[in-house]
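Letters A, B, ... mirror the listed sequences (proteins, then strands); counts begin at 1. Please read all numbers here as calculations on a predicted model, not as lab measurements.
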Amino acid sequence: MPDKSKYDVLIDIGRRRGLFWPSYEIYGGVAGLYDFGPIGVEIKRRIMMEWIRFFIHRQGGLVVEIESPIITPRMVLVASGHEEHFTDPVTECTKCGRVFRADHLIEEQAHVKAEGLSMDELWSLIREHNVRCPVCGGELTKPRPALLLFKTEIGPYKGSPGYLRPETAQGMFVSFKQVFNVARNRLPLGIAQIGRVGRNEISPRQGLMRLREFTIMEFEFFFDPERVEEEAGKYLLGPILDYKMNVLTARDKARGVEEAKTYTVRELLEDKIVSTPWMAYWMAIGNMFLESLGIPPDRIRFDEKLPHEKAHYSVQTFDQEVYTEKYGWVEVAGYSYRTTYDLGRHIEYSGADLMVFRRFKEPRIVRKKTIYPNPARIKELAGEKFGIVMKRIASMDKEELLKTLEEKGYIVIEDVKLGRDAFYYKEVEEKVHGEKYIPHVVEPSFGLERIFYVVLENSLVFEENRTYLKLKPSIAPYDVAVYPLLSGSKREHREMMRIARGIAEALRETGLNVYYDEEGSIGRRYMRGDEIGIPYAITVDYDTLKDNTVTIRHRDSRMQERINIDKLYDRLLELLGRRIDWRSLSRRII
RNA sequence: GCGGCGGUCGUCUAGCCUGGACUAGGACGCCGGCCCCCCAAGCCGGAGAUCCCGGGUUCAAAUCCCGGCCGCCGCACCA
């Protein structure tokens with residue numbers, strides 16, 4: 001093993017082989033921005049495809065995918081609470097350099113209300129009350145807003161304010177009604193999106209771990225909180241209940257425990273560690289997803305966030321973390337129970353009806369007091385305003401009207417005071433078939449670039465005289481490499497090259513992604529393929545010329561098997577785990 | 001954002017302290033050729049460096065000084 005760390009080797013391979021490197025280098029580079037190269041994009045895309053397989057395709061319609069814009073009108077992020085939570089007034093200690101929320105500091109030290117004040121007002125309060133650094137007592141700078149949203153203008157002339165989205169989630173909330181209709185008004189329903197987001201981090205410094213622009217894969221899972229047991233129950237049965245995960249609970253953390261414990265899904269449900277069964281279900285799927293990428297189970301854990309660690313919208317949050325040599329435990333996904341927060345806020349700010357109708361099992365008979373205007377009496381009271389007053393009453397909410405009348409005994413409409421006698425009261429029996437409610441939301445959210453890094457680091461293997469990426473075939477940049485044993489100008493060598501090229505071409509036609517290389521010695525080519533994680537290599541040699549056989553070299557063991565070209569494709573599918581035994585599957589059906 | 005350290009071909013590095021003979025040297029990698037029936041072999045040749053950027057000092061700057069950018073480490077931030 002070289003004395004270099006896995007991180008250093010990955011940075012080296014990243015640049016040399018075209019996986020990733022810092023962006024805009026010829027202009028000095030910009031912190032927090034990375035390019036992905038030809039090999040990097042292949043791996044990244046396949047990780048993304050795995051995610052889609054796990055969370056969308058295999059869920060059989062339970063989760064659907066959409067795509068919404070990156071550019072977001074300001075109002076959307078005001079409603080979501082992001083603008084408020086992204087623009088903290090911060091002040092800095094001139095002595096020790098620590099940064100603080102200015103308003104909080106003033107409230108603590110001066111005991112006056114400071115929240116929501118302008119930067120200037122906060123500044124004068126700091127001077128007036130001699131607010132100091134709570135750590136070292138140093139003087140503080142004038143507060144300034146720390147805006148973590150990328151601001152932009154929508155429209156070139158008189159642009160309206162907009163932001164780049166800091167998460168894709170708002171796209172799902174804002175379009176909830178449309179997607180819900182398209183999905184034929186059925187809950188539970190997950191709305192997924194994979195897309196780029198921007199966060200103007202103050203000082204992004206941890207390579208791919210903390211980017212200013214990155215890819216989120218997430219979905220909002222909408223469900224009826226009153227029917228969780230029966231609905232989630234359909235999914236939480238069978239083997240999944242015994243599936244094990246490592247969880248560090250908030251309870252344990254509060255007690256000072258730092259090690260995660262292993263729980264089955266059943267235990268998470270029965271011990272009420274998760275606030276809703278759907279949380280447990282998606283955590284399990286998420287864990288299986290990471291395992292399928294080659295992360296060992298003991299290097300995956302869930303870290304439940306303590307109350308002060310959670311985002312503003314969440315009642316319960318689990319971070320899913322993967323252990324790395326470079327950064328320790330890093331968060332690759334967050335699972336938040338957002339309840340009705342987002343839809344509720346968008347209902348409030350947009351005025352749109354984002355509620356869902358819940359049909360009762362049996363229609364309910366409801367006795368209801370209701371009122372009607374008494375036109376004769378209103379005409380007396382309103383005189384020539386009669387028409388307009390009647391119109392106003394028609395547009396009012398009957399329950400509100402009733403409530404006002406019962407509380408105050410009168411109501412003023414268009415300057416006309418109407419007493420109880422202006423209305424008829426009636427007790428009616430209504431058959432109610434259901435009610436409206438705001439669906440609850442559980443949100444699993446994955447950072448693609450972080451997963452990319454932890455997968456690479458966990459796949460990197462040092463052997464005595466080679467370094468390679470032990471990537472699962474499903475996420476390798478190429479399915480297979482094809483090499484001629486030798487590539488000189490002799491007749492046999494030219495023949496090997498011809499056949500090897502032919503094999504590569506034919507395999508490409510089947511849809512496999514094939515790497516072809518004839519430069520340098522065969523050993524060197526194996527190394528080049530291993531370094532970017534190509535799982536299998538086909539070599540055309542002298543025997544091929546005699547009997548139409550080739551060898552398949554296995555990346556991990558370096559073993560070779562000889563096989564006739566006719567059987568090559570089937571064998572490859574088998575090795576790549578793509579040959580499905582339909583007969584055993586079909587047996588389940590009948 | 002604060003403090004410390006650093007930045008020379010794709011990578012690692014020599015040179016910097018003590019300014020000049022540096023058209024910036026080497027190794028690995030890359031490309032072309034020769035050789036070779038299997039795991040980074042060898043030989044020959046080739047391409048490849050705004051010495052991070054800008055300014056200053058000087059007859060002369062990779063080298064000294066200042067500012068910026070980027071990176072690493074610590075602190076802070078990460079809704």
Side-chain angles (χ1 to χ4, degrees), chain A residues 2 4-5 7-9 11-18 21-33 37 77 80-88 90-101 133 135-136 138 141 144 146-149 166-167 199-207 209-212 305 308-314 317 319 326 331 334 336 447 463-468 483-490 492-493 496 519-531 537-546 550-551 553-555 557-560 562:
Chain A
K4 280 182 146 190
S5 70
Y7 173 81
D8 290 332
V9 171
I11 296 295
D12 177 38
I13 294 176
R15 184 181 292 276
R16 206 158 35 76
R17 301 308 307 280
W21 57 81
S23 299
Y24 304 113
E25 274 195 313
I26 67 164
Y27 288 102
V30 178
L33 299 178
L77 293 171
S80 70
H82 283 86
E83 193 187 65
E84 183 191 340
H85 291 273
F86 257 79
T87 52
D88 294 341
V90 293
T91 178
E92 197 179 314
C93 172
T94 53
K95 208 167 128 196
C96 69
R98 272 173 246 265
V99 176
F100 305 94
R101 275 284 293 262
C133 171
V135 178
C136 75
T141 61
R144 60 193 157 74
L147 180 69
L148 272 68
L149 289 169
E167 58 172 27
R199 297 183 186 187
N200 211 350
E201 300 285 353
I202 295 169
S203 74
R205 265 195 317 199
Q206 295 141 45
M209 291 304 111
R210 196 122 158 261
L211 298 172
R212 286 194 165 121
K305 298 284 108 178
H308 68 273
E309 297 173 320
K310 285 182 306 194
H312 61 275
Y313 46 68
S314 177
T317 300
D319 279 355
K326 173 71 179 169
E331 176 196 350
S336 294
E463 274 177 13
E464 213 172 314
N465 43 26
R466 71 165 174 161
T467 296
Y468 70 105
Y483 308 123
L485 181 64
L486 292 162
S487 60
S489 52
K490 284 189 178 165
E492 307 98 297
H493 300 163
M496 285 176 196
E519 286 153 16
S521 71
I522 187 68
R524 179 174 294 264
R525 281 179 261 146
Y526 287 148
M527 292 307 138
R528 282 201 281 246
D530 291 350
E531 195 176 41
I538 296 159
T539 306
V540 174
D541 57 17
Y542 286 94
D543 288 347
T544 312
L545 307 180
K546 282 184 269 170
V550 293
T551 64
R553 173 189 178 270
H554 296 220
R555 175 196 64 202
S557 63
R558 298 204 236 188
M559 302 250 284
Q560 279 176 288
R562 184 162 285 281

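Within 4.0 Å (heavy atoms only), A:Y313 reaches at least one base atom of the nucleic acid.
The existence of a salt bridge linking A:R528 and A:E519 is excluded, since no basic side-chain nitrogen approaches an acidic carboxylate oxygen closer than 4.0 Å.
Taking A:R525 as the reference, nothing meets the salt bridge (charged side-chain N to carboxylate O under 4.0 Å, His left out) condition, with sequence neighbours excluded. Residues meeting the salt bridge (charged side-chain N to carboxylate O under 4.0 Å, His left out) test with A:R199, sequence neighbours left out: none. Residues that satisfy the salt bridge (charged side-chain N to carboxylate O under 4.0 Å, His left out) test with A:R15, not counting sequence neighbours, are A:E25. Evaluation of the ring-ring contact (aromatic ring centres under 6.0 Å, His included) rule for A:Y526 yields A:Y483 as partners, not counting sequence neighbours. By the salt bridge (charged side-chain N to carboxylate O under 4.0 Å, His left out) test, A:K305 is found to be paired with A:D303, A:D319, residues two or more places apart in sequence or in another chain being considered. Not counting sequence neighbours, the partners of A:Y24 by the side chain to side chain contact (heavy atoms under 4.5 Å, CB included) test are A:V30, A:L33. When the side chain to side chain contact (heavy atoms under 4.5 Å, CB included) test is applied to A:K546, the partners found at least two apart in sequence or on another chain are A:D543.
Using the Watson-Crick or G-U wobble rule with both distances under 3.5 Å, B:U11 pairs with B:A27. Using N1 to N3 plus N6-O4 or O6-N4 for Watson-Crick, or N1-O2 and O6-N3 for G-U wobble, each under 3.5 Å, B:G6 pairs with B:C70.
When the P atom of B:C77 is taken as reference, atom CZ of A:R199 falls 17 Å away, rounded to whole Å. As a whole-Å value, the separation of A:E167 CD from B:C78 C1' is 15 Å. Regarding A:L148, its CG atom lies at a distance of 13 Å from the P atom of B:G1, rounded to whole Å.
Taking atom C1' in both B:C9 and B:G68, the straight-line distance is 25 Å, to the nearest Å.
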Got a list of protein N/O to nucleotides 71-74 of chain B N/O distances below 3.5 Å?
residue: B:C72; atom: OP1; partner: A:R205; partner atom: O; Å: 3.2
residue: B:C72; atom: OP2; partner: A:R205; partner atom: O; Å: 3.0
residue: B:C73; atom: OP1; partner: A:K326; partner atom: NZ; Å: 3.4
residue: B:C73; atom: N4; partner: A:R205; partner atom: NH1; Å: 2.7
residue: B:G74; atom: O6; partner: A:R205; partner atom: NH1; Å: 3.1
residue: B:G74; atom: O6; partner: A:R205; partner atom: NH2; Å: 3.2

Protein-to-nucleotide contact annotation, 5' to 3' order, nucleotides 37-50 of chain B [B base; S sugar-phosphate only; - none; under 4.0 Å, heavy atom]: BBBBS--------B
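Mapping A:R212 and A:P166 onto RNA chain B by nearest heavy atom places A:R212 closer to the 5' end of the strand.
How far OG1 of A:T539 is from CD1 of A:I522: 4.5 Å, rounded to the nearest 0.5 Å.
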